[in-house]
Number of protein chains: 2
Amino acid sequence: MVVDRRKMIVDAATNSFSQFGFKATTMDQVAKIANVGKGTIYTFFSTKEELFDEITNSLIKEMKIAAEEAIDETLTFQENVHRALYRILEFRLEHQLTIKLFQEGREMRTPAAMEVIERIEKAILNFIKDKIEKAINKGEIQRCDPELTSFVMLKLYVALIFDWEKNHEPLSKEKIAKVLEQYIFEGLSK
Amino acid sequence: MVVDRRKMIVDAATNSFSQFGFKATTMDQVAKIANVGKGTIYTFFSTKEELFDEITNSLIKEMKIAAEEAIDETLTFQENVHRALYRILEFRLEHQLTIKLFQEGREMRTPAAMEVIERIEKAILNFIKDKIEKAINKGEIQRCDPELTSFVMLKLYVALIFDWEKNHEPLSKEKIAKVLEQYIFEGLSK
DNA sequence: TTTTGACCAAATGTCCAAATTAGTCAGTAA
DNA sequence: TTACTGACTAATTTGGACATTTGGTCAAAA
């Protein structure tokens, strides 16, 4: 195998999707960047969506790895959830592909982009849900509905990181940790 | 004063905005429904936006009244916040005008509709913030940032009422109260 | 057998004339 | 004189004919 055409295609498509988004990436363009004929792409992927799926699935896998790496078994459940969630949302801001996709979903409502956003969200929810279930079994936290709890946590994180700064100064990582601790883990009542 | 033309206009416009939204409501239509010449509208309101503002300001006032009515001084802060927030979000589902406006903002991005949504959100935040400040002064709850706390509460409510049911069975009013109590007011840790 | 790019139908974008709309104002009615 | 009106205008939006671009195919070349 002199050149791995499949890899060339995937790399070219990743670049193009990251720069221009799903809709504005054409198969002709991908073929040209990858230095292959357009037909070659279709020997590996039967549609543009399938090519896109392969790339976004890798993205989600990478995200999971990043989240797992953020976890430190010697720390408490609280600290780990914070570290993992913060890392995942940081990941979103570091990777051109996620930035572009979220923008495309929000501004142009491209269905393919919106589907990926949903898949990403579900992957994050599953990740946290799993951690919560384990923490319950270990007796680290109170018994609770893991589905609902992971949902509440993610919503709160997204709100604090992305929504809060639409009208306020961004919150520091430490401040977010404190807020989450105060609300989710401790409660507000006297 | 045989007929109150101003009221006729406001009523007609309210109906039309509720049915068709801001963009699809024409001043000719409002004039026709109100049984006045179009010029008459412009003796009371200098632009379509100004007419719209008058109507949406009434809406926000009505919302505040509904929220205040939901509050019962003999109950705890927790119960009252829940009652008020739930009432406000219920209000959104009961009033055609808010339903239409939120839909128009989401689907068509009509600037006028999006501005109103923002005004509504700010009004709700101010309302809760005020209640939180009073509760702190009375020593009913822990000291906390009222701005941030009201933000967290509203985001959580909206998530539980509107976002949760995109992928799950809707939560009952009681369940929402319980969830909020568990997280915001008590905390999750052992 | 693998790769290719010319080719096709379908989707998308580009015009521009016709229709619609917010806002005005000369004139009518009270 | 005052309150009201609707024909009018400038600006924007719409519809639809026409041109271009795009995802996907396939006969031929490598």
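Reminder, nothing fancy here: chain letters follow the sequence lines and each chain counts from 1. These numbers were taken from a predicted model, which means no experiment stands behind them.
Residue pairs that meet the salt bridge (charged side-chain N to carboxylate O under 4.0 Å, His left out) test with at least one member in residues 164-180 of chain A, sequence neighbours left out, are A/Asp163-A/Lys166. For the salt bridge (charged side-chain N to carboxylate O under 4.0 Å, His left out) condition, the pairs that include at least one residue of residues 7-21 of chain A, sequence neighbours left out, are A/Lys7-A/Asp11. The stretch residues 23-68 of chain B participates, sequence neighbours left out, in these ring pair (Phe, Tyr, Trp, His ring centres under 6.0 Å) pairs: B/Phe17-B/Phe52, B/Phe22-B/Phe52. Within the structure, the salt bridge (charged side-chain N to carboxylate O under 4.0 Å, His left out) test picks out the following pairs touching residues 20-45 of chain B (sequence neighbours left out): B/Asp28-B/Lys38.
Against DNA chain C, the stretch residues 111-119 of chain A makes no heavy-atom approach under 4.0 Å. For residues 16-31 of chain A, proximity to DNA chain C is found at A/Lys23, defined as any non-hydrogen atom under 4.0 angstrom from a strand atom.
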Enumerate donor-acceptor pairs with a distance under 3.5 Å from any side-chain N or O in residues 124-136 of chain B to protein atoms, sequence neighbours excluded.
{"from": "B/Lys129", "atom 1": "NZ", "to": "B/Glu147", "atom 2": "OE1", "distance (Å)": "3.3"}
{"from": "B/Asp130", "atom 1": "OD2", "to": "B/Lys134", "atom 2": "NZ", "distance (Å)": "3.1"}
{"from": "B/Lys131", "atom 1": "NZ", "to": "B/Glu68", "atom 2": "OE1", "distance (Å)": "3.3"}

Which side-chain N or O atoms in residues 107-114 of chain B pair as donor and acceptor under 3.5 Å with protein atoms at least two apart or in another chain?
{"from": "B/Glu107", "atom 1": "OE1", "to": "B/Gln103", "atom 2": "NE2", "distance (Å)": "3.1"}
{"from": "B/Arg109", "atom 1": "NH1", "to": "A/Arg106", "atom 2": "O", "distance (Å)": "3.4"}
{"from": "B/Thr110", "atom 1": "OG1", "to": "B/Glu104", "atom 2": "OE2", "distance (Å)": "3.0"}

Would you mind writing out the side-chain donor-acceptor pairs for residues 58-67 of chain A within the sub-3.5 Å range, not counting sequence neighbours?
{"from": "A/Ser58", "atom 1": "OG", "to": "A/Glu54", "atom 2": "O", "distance (Å)": "3.1"}

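Evaluation of the salt bridge (Lys or Arg N to Asp or Glu O under 4.0 Å) rule for B/Glu94 yields B/Arg87 as partners, not counting sequence neighbours. Under the rule for a salt bridge (Lys or Arg N to Asp or Glu O under 4.0 Å), A/Glu49 has no partner lying at least two apart in sequence or in another chain.
Think of the region where chain A sits on DNA chain C: with heavy atoms and a 4.0 Å cut, that region ends 5' and 3' at C/dT3 to C/dG13.
Residue B/Lys48 is in sugar-phosphate contact alone, with no base atom involved, counting any heavy-atom pair closer than 4.0 Å across all strands shown.
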